[in-house]
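Please read the structure below before turning to the comments.
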Amino acid sequence: QVQLVESGGGLVQAGGSLRLSCAASGRLFDTYAMGWFRQAPGKEREFVAGISWSGGNTYYADSVKGRFTASRENAKNTVYLQMNSLKPEDTAVYYCAADSSGLLDPAAMDYWGKGTLVTVSS
């Protein structure tokens, strides 16, 4: 069993930055790929970024490529999402999720956090 808790969300002006954290409890955190997803009001949840269990591989949605960076510290059971050059369209609830398969398919993630709200004002 893995429990995930996101933090770091908040209100920021367009062009600003935020760093989200996702702290995991439970065993074998370093065997899971981790994904970041977001859901804006009235929209479906979408993939934002992912990172392999070792941190050696990262993946990004086209909409955030070059602006967001995923990283992890397995010794601290924590994964991060650094978000720069934020835009109003980045406003959403951001979720982290753990994936034992490594596929980062939102339909197949093993565990989800409860999310943290990011609001970007124009």
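Along the sequence shown, residues carry numbers from 1.
- Shortest non-hydrogen contact noted between G26 and N77 is O-ND2, 3.7 Å.
- Among residues two or more places apart in sequence or in another chain, the side-chain contact (heavy atoms from CB on, under 4.5 Å) test is passed with D30 by N74.
- Annotation for T116 and G8: closest pair OG1-N, 4.3 Å, computed over non-hydrogen atoms.
- Sorted by first and then second residue, the salt bridge (charged side-chain N to carboxylate O under 4.0 Å, His left out) pairs with a member in residues 13-26 form an empty list; sequence neighbours excluded.
- Under the rule for a side chain to side chain donor-acceptor pair (under 3.5 Å), the partners of Q82 that lie at least two apart in sequence or sit in another chain are N84.
- Of all non-hydrogen atoms in Y60 and A49, the two that sit nearest each other are CD2-CB, 3.6 Å.
- Residues satisfying the side-chain contact (heavy atoms from CB on, under 4.5 Å) criterion with A40, sequence neighbours excluded, are K43, A92.
- The OG1 atom of T58 sits 12.0 Å away from the CZ atom of R72 when rounded to the nearest 0.5 Å.
- Surrounding CD of Q3 are at most 12 heavy atoms belonging to other residues, nucleotides or ligands under 6.0 Å away.
- For Y80, the side chain to side chain donor-acceptor pair (under 3.5 Å) partners at least two apart in sequence or on another chain are E73.
- Scanning for side-chain contact (heavy atoms from CB on, under 4.5 Å) contacts around V118 gives L18, L20, M83, Y94, V120, with sequence neighbours left out.
- Listed by first then second residue, pairs satisfying salt bridge (charged side-chain N to carboxylate O under 4.0 Å, His left out) with a partner in residues 102-115 number zero, not counting sequence neighbours.
- In this view, R38 and E46, D90 satisfy the salt bridge (Lys or Arg N to Asp or Glu O under 4.0 Å) rule, not counting sequence neighbours.
- Applying the salt bridge (Lys or Arg N to Asp or Glu O under 4.0 Å) test to E89 and every residue at least two apart in sequence or in another chain returns nothing.
- No continuous path of ILVMFWY side-chain contacts below 4.5 Å connects V5 to M34, so the two sit in separate hydrophobic clusters.
- With side-chain heavy atoms closer than 4.5 Å counting as contact, directly or through intermediates, the hydrophobic cluster containing M109 also holds F37, F47, Y59, V93, Y95, L104, W112, L117.
- For S85, the side-chain contact (heavy atoms from CB on, under 4.5 Å) test picks out R67, with sequence neighbours left out.
- Side-chain atoms of Y32 and I51, non-hydrogen and from C-beta on, never get closer than 4.5 Å to each other.
- Within the structure, disulfide (SG to SG under 2.5 Å) pairs that include any residue of residues 18-97 comprise C22-C96 (at least two apart or interchain).
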